[in-house]
A.B. asks: 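Quick one: structure below, then a few questions.
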Amino acid sequence: MLNMIWGFFLIGGILVGAFLGRMDLVTNAVLDGGKEAIQLGITMAGVIATWSGILKIAERGGMIDILSDKMDPFLSFLFPSVPKNHKARKYIATNFVANFLGLGWAATPAGLLAMKELAKLNKREKGTASNAMCMFLVVNMSSLQLVTVNIIAYRTEYGSAAPAEIVGIGIVATLVTTVIGIILAKCLEGREKM
């Protein structure tokens, strides 16, 4: 569906530019957009590499295990069907920590590994997500964030005078979406047990 929408905008823009005799603007927009995308990609690659490295150091230094242990009551509440010492918990904790720090892209590898491990625990028919898998997706997508590193990097790249001014509202917004998501997922999980 999104491919159709973007295709419509792209073809529509080209047709309007041709109809108005302003293909020069279309060409300039394509070239400028490509250049800007590469510059942003390079900037974000640096941010991701730095924070992914910090997460890897934290993992090798045992910090992720410590945080996972500290998060145990929370993880037990969210994922009662996942055994305490299962690998899925470590990956879930790593994903949550990365998201908490606003490192959505750095959280992706741990999230994929967590989902793979949760799939191994899934007792449902193939192609049907377990409650743990659904809860993980809800919390991962709502992404409670203390520091929105990616957004601050974007705002810095595009010349914001105060790139960190969104931190407070980011915390509130992600806290609200996470809490609502958890409540709804728990309600649906409880409904299934009836």
A.B. asks: For the residue pair Phe77 and Met135, establish whether any side-chain heavy-atom pair is separated by less than 4.5 Å.
C.D. replies: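 No. Closest side-chain heavy atoms not under 4.5 Å.
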A.B. asks: For Gln39, enumerate each residue passing the side-chain hydrogen bond (donor to acceptor under 3.5 Å, both in side chains) test, keeping only those at least two apart in sequence or located in another chain.
C.D. replies: none
A.B. asks: Indicate yes or no: at least one non-hydrogen side-chain atom of Lys123 is less than 4.5 angstrom from one of Ser130.
C.D. replies: no
A.B. asks: Who clusters with Met4? Use side-chain heavy atoms, under 4.5 angstrom, across I, L, V, M, F, W and Y, and order the result by chain and number.
C.D. replies: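 Same cluster as Met4: nobody, lone residue.
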A.B. asks: State which residues pass side-chain hydrogen bond (donor to acceptor under 3.5 Å, both in side chains) with Ser142; sequence neighbours excluded, sorted by chain then number.
C.D. replies: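 For Ser142, the residues satisfying side-chain hydrogen bond (donor to acceptor under 3.5 Å, both in side chains) (neighbours in sequence not counted) are Thr178.
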A.B. asks: By the salt bridge (Lys or Arg N to Asp or Glu O under 4.0 Å) test, which pairs, at least two apart or in different chains, include something from residues 88-99?
C.D. replies: Glu59-Lys90, Asp72-Arg89
A.B. asks: Find the distance between OG1 (Thr128) and CE (Met133) and round it off to the nearest 0.5 Å.
C.D. replies: 9.5 Å
A.B. asks: Which Ile, Leu, Val, Met, Phe, Trp or Tyr residues join Ile38 in one cluster when any pair of side-chain heavy atoms under 4.5 Å counts as a link?
C.D. replies: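 Via sub-4.5 Å side-chain contacts, Ile38 links to Ile42.
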A.B. asks: Please name all residues satisfying salt bridge (Lys or Arg N to Asp or Glu O under 4.0 Å) with Lys120, sequence neighbours left out, ordered by chain then number.
C.D. replies: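 So Lys120 forms a salt bridge (Lys or Arg N to Asp or Glu O under 4.0 Å) with Glu117.
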A.B. asks: Are Met71 and Val97 side-chain neighbours, meaning at least one heavy-atom pair lies under 4.5 Å?
C.D. replies: yes
A.B. asks: Hey, could you give me the OG1/CG distance between Thr108 and Asn95, rounded to the nearest 0.5 Å?
C.D. replies: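 If I round to the nearest 0.5 Å, the distance is 7.5 Å.
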A.B. asks: Compare every heavy atom of Ile152 with every heavy atom of Pro163, then report the nearest pair and how far apart it is.
C.D. replies: O-CG1, 3.7 Å
A.B. asks: Test of understanding: with salt bridge (Lys or Arg N to Asp or Glu O under 4.0 Å), list the residues that count as partners of Lys35, not counting sequence neighbours.
C.D. replies: none
A.B. asks: Kindly give the heavy-atom pair with the smallest separation between Ala114 and Phe136, and that separation in Å.
C.D. replies: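 Shortest heavy-atom contact: CB-CZ, 3.9 Å.
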A.B. asks: Would you mind writing out the side-chain donor-acceptor pairs for residues 165-175 within the sub-3.5 Å range, not counting sequence neighbours?
C.D. replies:
{"residue": "Glu165", "atom": "OE2", "partner": "Arg155", "partner atom": "NH2", "Å": "3.0"}
{"residue": "Thr174", "atom": "OG1", "partner": "Gln145", "partner atom": "N", "Å": "3.0"}
{"residue": "Thr174", "atom": "OG1", "partner": "Gly170", "partner atom": "O", "Å": "2.8"}
{"residue": "Thr174", "atom": "OG1", "partner": "Ile171", "partner atom": "O", "Å": "3.3"}

A.B. asks: Can you tell me how far apart CD (Glu189) and SG (Cys134) are? Round to the nearest 0.5 Å.
C.D. replies: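 Rounded to the nearest 0.5 Å, the CD-SG separation comes out at 9.0 Å.
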A.B. asks: Would you call the rings of Phe79 and Phe96 parallel, tilted or perpendicular, taking 30° and 60° as the class edges?
C.D. replies: tilted
A.B. asks: How long is the span from the CG atom in Asn122 to the CE atom in Met115, to the nearest 0.5 Å?
C.D. replies: 10.0 Å
A.B. asks: Would one find more than 12 heavy atoms of other residues, nucleotides or ligands at under 6.0 Å from atom CE of Met23?
C.D. replies: yes
A.B. asks: Please answer: with hydrophobic residues joined when any side-chain heavy atoms are less than 4.5 Å apart, are Phe74 and Val82 in the same cluster?
C.D. replies: yes
A.B. asks: If every non-hydrogen atom of Lys70 is compared with every non-hydrogen atom of Pro73, which pair is closest and at what distance?
C.D. replies: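 For Lys70 and Pro73, the tightest heavy-atom pair comes out as O-CD, 3.6 Å.
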A.B. asks: Between Lys186 and Leu78, which heavy-atom pair has the shortest distance, and what is it?
C.D. replies: NZ-O, 3.8 Å
A.B. asks: For residues 6-20, which side-chain N or O atoms pair as donor and acceptor with protein atoms under 3.5 Å away, sequence neighbours left out?
C.D. replies:
none

A.B. asks: Salt bridge (Lys or Arg N to Asp or Glu O under 4.0 Å) with Asp69: which residues, sequence neighbours excluded?
C.D. replies: none
A.B. asks: Testing the basics here: between Ile182 and Val138, what is the closest heavy-atom pair and its distance to 0.1 Å?
C.D. replies: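 It is N-CG1, 4.0 Å.
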A.B. asks: Take atom CG in Asp32; do more than 12 heavy atoms of anything else shown fall under 6.0 Å from it?
C.D. replies: yes
A.B. asks: Would Lys116 count as a cation-pi partner of Tyr91, with NZ or CZ less than 6.0 Å from the six-membered ring centre and within 45° of the ring normal?
C.D. replies: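 Verdict for Tyr91: no cation-pi partner in Lys116.
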A.B. asks: Who else is in the cluster with Ile57 when I, L, V, M, F, W and Y are joined by side-chain contacts under 4.5 Å?
C.D. replies: none
A.B. asks: Taking only residues two or more places apart in sequence or in another chain, which ones pass salt bridge (Lys or Arg N to Asp or Glu O under 4.0 Å) with Asp24?
C.D. replies: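 Only Arg22 meet the salt bridge (Lys or Arg N to Asp or Glu O under 4.0 Å) criterion with Asp24.
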A.B. asks: Can you tell me how far apart CD1 (Ile92) and CG (Leu75) are? Round to the nearest 0.5 Å.
C.D. replies: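 Spacing of CD1 (Ile92) from CG (Leu75) equals 6.5 Å.
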